[in-house]
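In what follows, chains are A, B, ... by sequence order, proteins preceding strands, each numbered from 1. FYI, side chains are in, hydrogens and waters are out, and symmetry mates aren't considered; it's all heavy atoms of this structure. Please read all numbers here as calculations on a predicted model, not as lab measurements.
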Amino acid sequence: MELSEQEQLRRESLNGLRALGIEPYPAAAYQVTALSDNIKSTYQDDAPQREVTIAGRIMSRRIMGKASFVELQDSAGRIQIYITRDDISTDEEKTMYNVVFKKLLDIGDFIGIKGYVFRTQMGEISVHAQELTVLSKSLRPLPIVKYKDGVAYDAFEDPEQRYRQRYVDLVVNDGVRDIFMKRTKVFNSMRNFFNEQGYVEVDTPVLQPIPGGASARPFITHHNALDIPLYLRIANELYLKRLIVGGFEGVYEFSRNFRNEGMDRTHNPEFTAMEIYVSYKDYNWMMDFTEAMIEKVCLDVNGTTEVKVGDKTISFQRPFKRITMIDAIKEHTGIDINGMNEEQLRDVCKQLGIEANDTMGKGKLIDEIFGEKCEGNYIQPTFITDYPIEMSPLCKRHRNNPELTERFELMVNGKELANAYSELNDPIDQRARFEEQLRLSEKGDDEAMFIDQDFLRALEYGMPPTSGMGIGMDRLVMLMTNQVAIQEVLLFPQMRPEKVIRKDSAETFMSVGIPEAWVETVNKAGFVTVASLKEQNPNKLHQDLCGLNKKLKLGLTNPTKDDVTLWVENANNR
RNA sequence: GAUUCAGUAGCUCAGCCGGUAGAGCACAUCCCUUUUAAGGAUGGGGUCCUGGGUUCGAAUCCCAGCUGAAUCACCA
């Protein structure tokens with residue numbers, strides 16, 4: 001492993017600490033009595049002096065001779081520490097200050113400080129250190145981000161590095177933690193809302209023998225003991241309904257779902273949905289319930305019902321607009337699709353310039369028209385209701401129109417946020433709908449649903465009238481935190497794995513005759529494994545190595561061409 | 001999957017009409033007991049993403065690849 005100069009220095013400092021009898025990774029608990037924000041918010045100039053013990057990471061140091069200032073970052077924020085040589089050092093040599101603090105500690109190290117709170121001449125509330133404890137040594141330099149008046153200087157902003165090394169992102173970038181704190185608040189607020197009504201949080205299987213409840217390509221895995229394929233769930237809907245059959249009157253689950261599809265700034269292969277099912281309710285009740293829930297979540301998280309999303313302001317104040325899908329299409333295209341057959345719908349698509357192929361059924365065609373012409377227009381929260389029956393195989397037929405279903409989707413900022421039904425509980429109708437899906441699947445629609453026989457059996461025992469609703473939690477958090485990328489609201493978004501560079505040890509290189517002194521140079525020339533030396537032209541290799549020796553002023557004795565030829569031969573024979 | 005852009009020091013970036021690789025922060029050494037994005041001075045640090053090609057000579061031009069981002073396509 002090649003270490004940068006700064007990394008090497010930090011390892012030397014680590015040894016320096018141990019040489020002084022200071023354990024850089026102590027085992028003992030450190031009793032913290034205060035957090036940075038609390039110290040600052042409760043400070044009063046005329047109050048009696050307050051003793052505190054705090055701990056955190058050193059984020060900056062300003063050494064002014066015998067006195068220094070440190071910015072210490074803990075979970076709540078940052079606070080300045082004032083350190084003087086004579087206060088923290090007890091011995092004659094002032095080792096704690098001159099050696100430990102000034103030489104052996106670095107930005108990024110965790111330290112504990114015992115001291116008292118005061119205000120500096122510049123007016124900043126600070127802690128005057130009386131005791132310094134090393135809590136953990138950091139061996140890698142953090143990116144240095146500085147802030148003044150909310151402006152970041154030298155921000156650490158390469159998305160690849162931020163997502164791959166979220167821990168660094170969280171340490172150095174202001175505001176990243178806030179997003180995830182808000183994410184937790186969204187979940188807690190929603191959970192409280194449900195619990196207050198007596199609904200029950202449950203866990204259902206992530207590994208499912210039949211991936212049901214949604215239309216999506218699943219991830220497939222294999223169970224060795226049973227020797228069967230298992231699928232990571234694409235939804236948990238069918239399991240929650242089984243629980244309604246079993247007698248629960250209200251169940252919900254925050255469900256991590258997995259879909260084997262494209263990734264972009266609004267899709268991650270694993271994402272979180274919340275689904276809730278309540279018996280003896282219909283989708284009208286669920287609309288009232290959903291808007292009440294979202295209004296509360298928004299208030300709990302942001303303290304207001306309005307959120308800024310990009311340059312738009314979205315109001316989550318009840319009630320939300322409601323419009324049927326047919327009216328929405330009429331509104332945005334001027335075409336009334338009510339009662340049209342598949343042929344007529346295909347013509348409408350052509351007329352509107354929407355691509356339609358033969359695998360698309362009636363439902364899919366209507367969905368296409370809506371997605372293309374209407375969806376993006378609904379910025380303020382809007383319930384789109386009464387979807388065509390072909391698109392909603394788990395949804396109850398509309399009480400007034402057998403072509404439609406009792407379904408709504410909630411559109412916000414031009415995208416679907418939530419989806420809900422009066423759940424289909426007629427087992428015979430449900431079986432017919434599944435069979436229709438199977439026909440679509442045979443027609444080439446690879447997203448059509450599988451038939452879950454056990455689910456049908458459950459329905460045959462009888463499921464009470466029920467309404468269910470699912471909501472995309474990541475998208476909700478994006479709205480609540482004004483983020484446009486799902487990666488910004490997932491702690492560890494999916495990334496292509498980093499390449500692991502396999503490297504042979506020095507001994508392996510020496511075993512083909514390369515002198516120890518030359519191993520590093522051979523590595524530097526781009527050969528980190530002995531195998532990579534195979535089939536190399538010894539002349540070129542010889543030249544490269546001698547060139548590096550000269551260029552890097554290594555002062556090594558150049559190998560002869562015969563030496564290099566032998567190395568390559570040995571590598572070939574391994 | 002397509003197109004475009006990007007990859008240079010630990011971090012943020014300049015250099016890109018080919019000719020010895022630069023700045024700020026960080027780091028090191030020295031000075032300094034109330035500083036605050038940055039105290040002062042001096043100094044060290046690079047596989048210019050990888051591999052080919054053109055050339056006397058490539059960070060720079062060309063081709064291919066890798067990784068990421070944006071837009072579009074596909075998909076809840």
Could you verify whether a donor N or O on one side chain and an acceptor N or O on the other, from [X] and [Y], lie under 3.5 Å apart?
X	Y	answer
A/Thr481	A/Arg183	no
A/Gln73	A/Arg78	yes
A/Tyr239	A/Glu253	no

Fill in: Any A/Arg62 side-chain nitrogen or oxygen under 4.0 Å from OP1 or OP2 of B/G39
no

Looking only at atom [atom1], what distance separates [N] and [M], rounded to whole Å?
N	M	atom1	value
B/C48	B/A14	C1'	13 Å
B/U34	B/C16	C1'	48 Å
B/U35	B/G46	C1'	34 Å
B/A59	B/U55	C1'	16 Å
B/G24	B/C62	P	31 Å
B/C61	B/G43	P	33 Å
B/C32	B/G51	P	49 Å
B/A26	B/U36	P	14 Å

Worksheet entry | Residue pairs fulfilling salt bridge (Lys or Arg N to Asp or Glu O under 4.0 Å) with at least one residue in residues 165-174 of chain A, sequence neighbours excluded | A/Arg162-A/Asp169, A/Arg166-A/Asp169

Worksheet, complete the sentence: Applying side chain to side chain donor-acceptor pair (under 3.5 Å) to A/Thr405 and not counting sequence neighbours gives none

Counting the atoms with a prime plus P, OP1 and OP2 as sugar-phosphate, which does [X] contact under 4.0 Å by heavy atoms, base, sugar-phosphate, or nothing?
X	value
A/Tyr82	base
A/Asn419	nothing
A/Glu157	sugar-phosphate
A/Ala155	sugar-phosphate
A/Tyr97	nothing

Fill in: Presence of salt bridge, A/Lys364 and A/Glu390, under 4.0 angstrom
no

Worksheet entry | Note: A/Lys94-A/Asp86 ion pair, threshold 4.0 Å (strictly below) | yes

Fill in: Heavy-atom donor-acceptor pair, A/Thr84 side-chain to B/U33 base, under 3.5 Å
no

Discussion item. Whether the side chain of A/Gln121 and the base of B/U35 hold a donor-acceptor pair under 3.5 Å is what I'd like checked.
Written reply: no

Nearest-angstrom distance from the residue atom [atom1] of [X] to [atom2] of [N]:
X	N	atom1	atom2	value
A/Met263	B/G1	CE	P	12 Å
A/Phe69	B/A38	CZ	C1'	15 Å
A/Asp87	B/U34	CG	C1'	13 Å
A/Glu261	B/C74	CD	P	13 Å
A/Met64	B/C30	CE	P	17 Å
A/Ile83	B/C32	CD1	P	18 Å
A/Leu3	B/A9	CG	P	17 Å
A/Phe156	B/A9	CZ	C1'	16 Å

Apply side chain to side chain contact (heavy atoms under 4.5 Å, CB included) to [X] and list each qualifying residue two or more places apart in sequence or on a separate chain.
X	value
A/Glu409	A/Tyr387, A/Arg407, A/Met411, A/Glu416, A/Asn419
A/Lys312	A/Ile379, A/Asn413
A/Ser60	A/Arg62, A/Glu71
A/Thr84	A/Ala67, A/Tyr82, A/Asp87, A/His128

Which base sits across from [N] as a Watson-Crick or G-U pair, both distances under 3.5 Å?
N	answer
B/U50	B/A64
B/C72	B/G1
B/G44	none
B/C25	B/G10
B/G57	none
B/G18	none

Practice prompt. Specify the residue among A/Lys66 and A/Pro143 whose closest nucleotide of RNA chain B lies further upstream toward the 5′ end.
Written response: A/Pro143

Worksheet, complete the sentence: Closest to the 5' end of RNA chain B, once A/Val145 and A/Asp86 are matched to their nearest nucleotides, is A/Val145

What pairs of nitrogen or oxygen atoms, one from the protein and one from nucleotides 68-72 of chain B, lie under 3.5 Å apart?
unit_1, atom_1, unit_2, atom_2, d
B/G68, OP1, A/Arg496, N, 3.2
B/G68, OP2, A/Arg496, NE, 3.0
B/G68, O4', A/Glu160, OE1, 3.0
B/U71, OP2, A/Arg265, NH1, 3.2

Fill in: Contacts of A/Phe320 that satisfy ring-ring contact (aromatic ring centres under 6.0 Å, His included) - sequence neighbours left out
A/Phe383

Discussion item. Measuring from the side chain of A/Ser126 (C-beta onward, heavy atoms only), which nucleotide among B/C11, B/U35, B/U33 has the closest atom?
Written reply: B/U35

Check nucleotides 23-29 of chain B against the protein and report each pair of N or O atoms closer than 3.5 Å, with its distance, or say if there are none.
unit_1, atom_1, unit_2, atom_2, d
B/G24, N2, A/Asp154, OD1, 3.4
B/G24, N2, A/Asp154, OD2, 3.4
B/C25, O3', A/Lys146, NZ, 3.0
B/A26, OP1, A/Lys146, NZ, 3.2
B/A26, N3, A/Gln6, NE2, 3.1

